[in-house]
Enquirer: 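Submitted below is the structure of interest, expressed as structure tokens.
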Amino acid sequence: MLDIKYVRENIDHVRSKMEERGQDIDLDKFSELEQKRRDILQEVETLRSERNTVSKEIGTRKKNGEDASELIKRMSEVSGRIKTLDDSLKEAEAALNEIIMIIPNLPHESVPFGTGEEDNPVVREWGEKPAFDFEPLPHWDIGENLNILDFARGAKITGARFTLYRGAGAMLERALINFMLTMHVSEHGYTEVLTPFMVNRESMTGTGQLPKFEEDLFKITGTDYYLIPTAEVPVTNIHRDEILDEHDLPIHYVSYTPCFRAEAGSYGKDTRGLIRQHQFNKVEMVKFSKPETSYEELESLTLNAEEVLKRLGIHYRVVNLCSGDLGFSSAKTYDLEAWMAGQDAYREISSCSNFEDFQARRAGIRFRREETGKVEHVHTLNGSGLAIGRTVVAILENYQQKDGTVVIPDALIPYMNGVDIITLDK
RNA sequence: GGAGGGAUGGCCGAGAGGUCGAAGGCGGCGGUCUUGAAAACCGUUAACCGAAAGGUUCGCGGGUUCGAAUCCUGCUCCCUCCGCCA
């Protein structure tokens with residue numbers, strides 16, 4: 001969330017940033033509620049102050065055996081008024097909270113203005129589209145032809161948007177997880193963590209999924225727990241309500257988790273294949289940094305994700321998400337879009353974001369700056385490195401051959417138990 | 001599932017209705033000493049709101065009281081023992 005004080009003092013700037021995002025936030029209501037809250041607060045604090053001093057006086061008098069009944073009677077009334085005011089203060093705070101928690105982050109100055117996906121400028125590209133002397137198939141055909149992806153049985157076991165992987169398909173998924181984790185740990189210096197895949201409400205609120213996006217989540221009946229939509233949630237919340245040591249920053253974590261998304265409102269979109277699933281695997285990088293270095297960290301994070309695609313020889317481009325396409329908690333996001341030959345399209349395969357102090361403020365993640373002795377919020381960042389299912393798609397579609405087999409990229413062969421080509425497995 | 005015990009500052013830990021934001025220790029920071037360091041000694045060191053005055057915070061919520069870290073109550077989490085179990 002944004003700093004309430006900052007919003008109050010920079011209301012016009014916040015208003016224009018919300019307009020850039022195309023967000024209709026009632027900031028007048030915010031100001032009104034904020035003022036109300038402060039009015040009540042002032043009144044209640046004056047009364048508390050009185051109660052505190054008089055109560056001490058009562059203590060002193062009693063100790064000296066003097067009469068205090070008059071003071072006690074008066075304070076009894078004051079306490080009653082405090083209680084009433086406290087209730088309305090809580091009401092005012094709750095109302096204010098409702099607004100502040102659904103105000104998205106302010107886009108960074110380097111975020112271009114735009115209203116949607118089509119306005120995202122391409123920052124750079126790498127590699128080339130593979131050439132085919134035949135019509136490349138989409139991965140759902142390749143996968144079914146090779147008997148490594150079974151969409152019908154996935155749907156039978158659970159439902160739409162669930163897939164059964166088989167044989168070399170299952171192994172490919174597992175190899176990619178290992179390949180990415182190993183690379184980020186041993187070459188990029190991340191610390192691997194393995195987290196719970198269900199989290200509580202506080203964790204979801206900390207990273208910004210709640211309260212606004214409840215309908216995108218799977219909730220476990222009979223509990224307060226939700227299935228994670230991304231490792232960002234458990235990993236960022238590792239340090240919730242902590243004051244970190246400045247010398248420990250930056251902290252770099254990498255984590256494999258399955259991700260569960262309800263995909264509400266995406267009916268009819270990407271209904272075939274692995275692109276949009278209710279459950280998919282992902283390797284995620286998460287960083288905690290000092291404010292002054294977070295944008296450098298975003299650049300290196302993005303490069304770390306790109307390196308995976310380079311090693312796999314997959315053509316991709318990097319786009320800078322425009323103001324209208326930016327996620328709720330993010331101040332700036334680079335998306336990596338991999339070329340998928342069978343669909344003749346670039347598809348998002350990684351999303352790398354700097355949240356600045358937006359999540360840290362919600363989640364209470366801070367550090368003490370030695371120079372000033374003061375406590376400050378850290379900046380949090382994260383990026384997919386990469387989405388596993390979509391990487392499988394990119395490999396199947398870009399490495400397919402005329403005879404229907406799929407060549408395994410060299411870098412992945414050591415993780416494939418020596419398999420270098422996927423052929424039909426009956 | 002049954003029976004007990006616990007939750008206090010960055011960490012450990014005392015405190016059992018009033019002057020307690022909280023003893024003591026560790027850690028951090030500053031200093032004395034030292035060629036330098038260590039040790040020793042001295043000092044200092046919680047967060048949040050507020051321009052300040054002041055207010056809030058001892059797991060979380062409710063209550064009792066003029067006054068609650070301290071009493072009552074509900075909840076959460078942790079630990080020990082028994083049962084069950086991958």
Side-chain angles (χ1 to χ4, degrees), chain A residues 1-10 30-31 33-97 99-101 194-206 210 219-220 222-226 234 237-249 251 288 290 357-378:
Chain A
M1 65 181 182
L2 300 177
D3 182 7
I4 288 183
K5 190 172 156 190
Y6 179 88
V7 177
R8 186 207 312 148
E9 289 169 359
N10 302 275
F30 168 87
S31 301
L33 290 168
E34 226 283 301
Q35 187 59 49
K36 189 177 166 195
R37 181 190 131 254
R38 290 167 69 208
D39 288 346
I40 300 172
L41 190 64
Q42 205 159 28
E43 198 180 343
V44 79
E45 286 193 351
T46 308
L47 290 176
R48 280 214 183 99
S49 176
E50 186 187 354
R51 184 178 71 183
N52 286 346
T53 50
V54 176
S55 284
K56 271 181 195 170
E57 170 68 18
I58 292 170
T60 315
R61 286 202 191 179
K62 285 202 160 185
K63 194 170 272 177
N64 298 338
E66 298 169 36
D67 175 52
S69 55
E70 180 60 33
L71 294 180
I72 288 175
K73 192 177 159 220
R74 219 176 85 214
M75 283 311 102
S76 180
E77 282 162 27
V78 169
S79 273
R81 287 202 56 207
I82 289 175
K83 205 160 286 180
T84 314
L85 281 172
D86 256 340
D87 288 342
S88 36
L89 181 64
K90 262 181 206 162
E91 238 171 78
E93 276 173 350
L96 182 67
N97 202 40
I99 292 190
I100 194 78
M101 289 303 270
L194 184 64
T195 70
F197 301 152
M198 297 180 202
V199 300
N200 58 30
R201 194 174 177 85
E202 290 74 59
S203 292
M204 284 293 186
T205 306
L210 290 178
K219 183 161 193 194
I220 311 296
T223 72
D224 179 39
Y225 302 155
Y226 297 82
N237 278 282
I238 289 173
H239 296 299
R240 170 153 53 85
D241 294 326
E242 290 185 15
I243 297 175
L244 302 169
D245 193 322
E246 180 177 5
H247 302 297
D248 292 338
L249 296 174
I251 295 171
F288 301 80
K290 294 207 265 180
D357 61 8
F358 189 86
Q359 293 180 326
R361 185 171 296 106
R362 286 178 163 239
I365 310 171
R366 298 171 296 172
F367 75 101
R368 188 182 308 280
R369 195 184 286 280
E370 203 169 272
E371 203 185 324
T372 59
K374 293 286 178 198
V375 173
E376 297 176 35
H377 288 108
V378 301

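Labels below follow one simple rule: chain letters A, B, ... track the order of the sequence lines, proteins then strands, and each chain is numbered from 1.
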Enquirer: Can you measure Arg37(A) atom CZ to rG55(B) atom C1' for me and round it to whole angstrom units?
Expert: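 One finds 12 Å between C1' of rG55(B) and CZ of Arg37(A), rounded.
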Enquirer: Select base, sugar-phosphate, or nothing to describe what Lys90(A) touches, counting heavy atoms under 4.0 Å on all strands.
Expert: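 Result for Lys90(A) = sugar-phosphate.
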Enquirer: Rounded to whole angstrom units, what separation is found between the CG atom of Leu41(A) and the C1' atom of rG55(B)?
Expert: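 So the CG-C1' distance, Leu41(A) to rG55(B), works out to 8 Å.
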Enquirer: Rounded to whole Å, please give me the gap between CZ in Arg48(A) and C1' in rG54(B).
Expert: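 The answer, rounded to whole Å, is 12 Å.
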Enquirer: Students often get this wrong, so: under 4.0 angstrom with heavy atoms, is Leu71(A) touching a base, only sugar-phosphate, or nothing?
Expert: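 Leu71(A): no heavy atom of the nucleic acid under 4.0 Å.
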Enquirer: May I ask you to verify if any side-chain N or O of Arg368(A) is less than 4.0 angstrom from the OP1 or OP2 atom of rG28(B)?
Expert: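 False: Arg368(A) side-chain N/O out of range (4.0 Å or more) of rG28(B) OP1/OP2.
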Enquirer: Less than 4.0 angstrom between a side-chain N/O of Ser79(A) and OP1 or OP2 of rG67(B), yes or no?
Expert: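 Yes.
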Enquirer: Using OP1 and OP2 only, check whether a side-chain N or O of Lys5(A) sits under 4.0 Å from rA51(B).
Expert: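 Answer is yes, contact under 4.0 Å.
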Enquirer: Rounded to the Å, how far apart are Asp241(A) CG and rU8(B) P?
Expert: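 That distance rounds to 14 Å.
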Enquirer: Give me the distance, rounded to whole Å, that separates rU57(B) from rG25(B) when you measure between the C1' atoms they each carry.
Expert: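 These two C1' atoms come out 24 Å apart once rounded.
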Enquirer: Between rG74(B) and rU56(B), how far apart are the two C1' atoms, rounded to whole Å?
Expert: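 Looking at atom C1' only, rG74(B) and rU56(B) are 23 Å apart.
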Enquirer: Under 4.0 Å, heavy atoms only, any strand: does Arg81(A) hit a base, just the sugar-phosphate, or nothing?
Expert: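 Here Arg81(A) touches no strand at all.
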Enquirer: Is the shortest side-chain heavy-atom distance between Arg37(A) and Glu34(A) below 4.5 Å?
Expert: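 Arg37(A) vs Glu34(A): side chains touch.
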Enquirer: For Arg38(A) and rC49(B), what is the distance between atoms CZ and P respectively, to the nearest whole Å?
Expert: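 Nearest whole value for this atom pair: 13 Å.
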Enquirer: Using atom C1' in both nucleotides, what's the gap between rA46(B) and rC42(B) to the nearest angstrom?
Expert: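 It comes out at 23 Å once rounded to the nearest Å.
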Enquirer: For Val375(A), which contact category applies under a 4.0 Å heavy-atom criterion: base, sugar-phosphate, or nothing?
Expert: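 If one applies the 4.0 Å heavy-atom cut-off, Val375(A) turns out to touch the sugar-phosphate alone, with no base involved.
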Enquirer: Rounding to the closest angstrom, what is the interatomic distance between rG6(B) and rG13(B) at atom C1'?
Expert: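 Between the two C1' atoms, the distance is 14 Å.
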Enquirer: Report which part of the nucleic acid Asn52(A) touches: base, sugar-phosphate, or nothing (heavy-atom distance under 4.0 Å, all strands).
Expert: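 If one applies the 4.0 Å heavy-atom cut-off, Asn52(A) turns out to touch the sugar-phosphate alone, with no base involved.
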Enquirer: Given the C1' atoms of rG28(B) and rC81(B), what is the spacing between them in whole Å?
Expert: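 About 40 Å, rounded to a whole number of Å.
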Enquirer: I'd like the P distance from rA22(B) over to rG27(B), given in whole Å.
Expert: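 So the two P atoms sit 23 Å from each other.
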Enquirer: Counting any heavy atom closer than 4.0 Å, what does Arg74(A) reach on the DNA or RNA strands: base, sugar-phosphate only, or nothing?
Expert: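 Result for Arg74(A) = nothing.
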Enquirer: Answer yes or no: does a side-chain N or O of Lys83(A) lie under 4.0 Å from OP1 or OP2 of rU64(B)?
Expert: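 Lys83(A) to rU64(B) OP1/OP2: side-chain N or O found under 4.0 Å.
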